[in-house]
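Computation of the quantities below employed the complete heavy-atom set of this structure, encompassing side-chain atoms and omitting hydrogens, waters and symmetry-equivalent molecules. Lettering of chains follows the sequences in order, A, B, ..., and the numbering in each one begins at 1.
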Amino acid sequence: MLRLENIKYSRNSKEIIKGVTINFEDNKITSIIGSNGVGKSTLAYIIMGLSDYKPNDGKIYLDDKDITDFSITERARLGISLLWQEPARFEGLTVKDYLSLGGKIKLDVIKDALNLVRLNPDVYLSRYVDKKLSGGERKRVEIASCILLKPKFLIMDEPDSGIDLMSLDMIVDIMKYLKDNGTGVIVITHREEIATHSDYSYLICDGKVLKSGVCSDIIDYYRSTCDLCDNVNAPKENLI
Amino acid sequence: MIDIVKAYEDEFNKLVELYEKNTNDNSLKNKGVASIIVSGNKVVGLNTLKGIDVKSKTRGDGVVIIDVDIQDNTVIPIPVHLCTGFLEKKGEQLLQFNYNIGANVKVRFKSHCILTKIEKLHHKMISQMYIGKNSFVTYEDEHFHDENGGIFVETITYAKLDKNAFFQSKFYATKTRIGRINVVMDFDLDDYAKADLESKIYGKKDDKIDIQEILRLNGQYSSGIAKSSIFATDSTEANVINEAYGNGAYSKGHIECNEVVKGSNVLVSTVPILKVVNEKSELTHEASVGRIRQDQLDILMSKGLDEEEAVNIIVNGLIS
């Protein structure tokens, strides 16, 4: 289990995360839902351990081990990884170089991962991960990279961004594939088509958990309340 | 057959051996590969093919003059190898290549500069190149230098591209220490001519790098790209000037310089110069100077790499 316990985080004197407690279960898909700017991606960076995202307060536990002070590399080596919303470009690196992580990952499994994200290995292995690759193609390469890591927990930060609508089913298939292969998936999303496949959901507003429960209840609430709300980041309801 | 100057057979063999050791390529002994092999201030090996004529002489001041003429309509499927080396510990190597490439020619040059096991050397190569109409020429230049940094390389190329000619240059000095280097590429393009220039240099310790790439887009619809990538570490000093002049109607030029630094004593600069004379010309530039991007490091570290492993992967991409 990955547990966030009363996490607080401020930046430039502004409180962004205001005491979040969440349990992410092994081998489950957990969705984090919320409007733009409520702190969802910040939460992802805090879990991953980015240097500018050290919590001011609270603890992060992986299987009861306190990893709050662990670096990004240490967390990754324990099995936490992140699918970035905006994958970076890497000048001069081919898809093969990038996915092999300096020769650590074998070619046959790289090909399998590319097939899962519907990129033909014969075409893409030699392509460069630079501006000649479209945003959607880079996103697929990044998803393939995450599959290859076989993480214990994978945070997917808006996995559908940059991906065409027709390929949303591929994202869903990947989430299920990861779950079936032992990964706990934490998916940050705006899309009902993706969130609906999660086992449990958290609705975030104003840096806090506004509601949690089975996905259909959270989506119903979001649609009936949040979609109509003019007070983003200033919810009228009591926060749990 | 390969024409090896008898008196310099030992030097020929030593250079070939050094080349093979650095590149795992045995082309220099292949009779089907055109090659010009220079050791110090003399040509020690020559292999020409149909359509290529090479003449060489050493002037009284020690400059080796090499004239390369390629007849119209010549197509050479295998790259022509130009190998320059220096087998003494100290000295000066002065070379002048005069290329006269006819019309409708297709040729690739592969140049290698083997300057290993040298304490102090000034290597200067001036190339004057004329590329005829509709010809397609590529030129790859790779350098292998001694790690002590006592080498000063000057490589200066003036090229004139006739109508609809294409030229691509790749200058790479990334595998060994560079020492001091001054690269000048000055290209004059006629109507519909295209030039694609790329330089990649890895600076270490107190290396000093100067690059000047100039695109003179004189002809209508001429186009060119000049792109430099520098990875500067330790106390490296690097200065890059990319210039493009839009003189011809509908000419298009793009210049780009990316300098990545690692080390507190690095000193790097980039200066783009764009000058549009013809209102129908279009020029652009792109430049960046800075550390390896944090988002790239974060992404790789989120896959379990430590910072040093992540930097190595990024740099290998930049200088590959």
Output for pair (A:L101 CG, B:E309 CD), nearest 0.5 Å, gives 9.0 Å
What closest approach, in Å, do A:R89 and B:Q296 show between heavy atoms, and which atom pair accounts for it? O-NE2, 2.6 Å
Side-chain heavy atoms of A:W84 within contact of B:D295, under 4.5 Å: no
Most chain A-contacting option - heavy-atom pairs closer than 4.5 Å, from B:I313, B:L305, B:I299: B:I299
How many angstroms lie between atom CZ of A:R77 and atom NZ of B:K303, to the nearest 0.5 angstrom? 14.0 Å
Looking at CG of A:L82 and CG of B:D298, how far apart are the two atoms once the value is rounded to the nearest 0.5 Å? 9.5 Å
So with a 6.0 Å cut-off around NZ of B:K208, is the heavy-atom count from everything else above 12? yes
Residue A:D64 excluded, over 12 heavy atoms near CG under 6.0 Å: no
Which distance, rounded to the nearest 0.5 Å, do you find between the CD of A:E142 and the OG of B:S302? 7.0 Å
Should we count NZ of A:K54 as having more than 12 external heavy atoms under 6.0 Å? yes
Locate the shortest heavy-atom distance separating A:A76 from B:M301; write the atom from each residue and the value. CB-O, 3.5 Å
At a heavy-atom separation under 4.5 Å, does A:I80 approach chain B through its side chain, its backbone, both, or neither? backbone
Crowded around A:D69 CG? As in, over 12 foreign heavy atoms under 6.0 Å? no
Atom CZ of residue position A:R118 - does it have more than 12 heavy atoms of other residues, nucleotides or ligands inside 6.0 Å? yes
Step through the shown structure and confirm whether more than 12 heavy atoms of other residues, nucleotides or ligands are within 6.0 Å of NZ on B:K204. yes
Between CD of B:E307 and OG1 of A:T73, what distance do you get to the nearest 0.5 Å? 8.0 Å
More than 12 heavy atoms of other residues, nucleotides or ligands under 6.0 Å from NZ of B:K252: is that the case? no
Taking side chain as everything from C-beta outward and backbone as N, CA, C, O, which of these in A:I72 sits under 4.5 Å from a heavy atom of chain B? Side chain, backbone, both or neither. both
Verdict with supporting geometry, A:E91 and B:K227, salt bridge (Lys or Arg N to Asp or Glu O under 4.0 Å): CA-CA 13 Å; A:E91 283 277 323; B:K227 187 176 174 184; 3.5 Å; yes
Surrounding OH of A:Y61 (heavy atoms of other residues, nucleotides or ligands, distance under 6.0 Å), is the total greater than 12? yes
Measuring heavy-atom distances to chain B, does A:P87 have an atom under 4.5 Å in its side chain, in its backbone, in both, or in neither? backbone
In terms of heavy-atom proximity below 4.5 Å to chain B, should A:Y128 be classed as side chain, backbone, both, or neither? neither
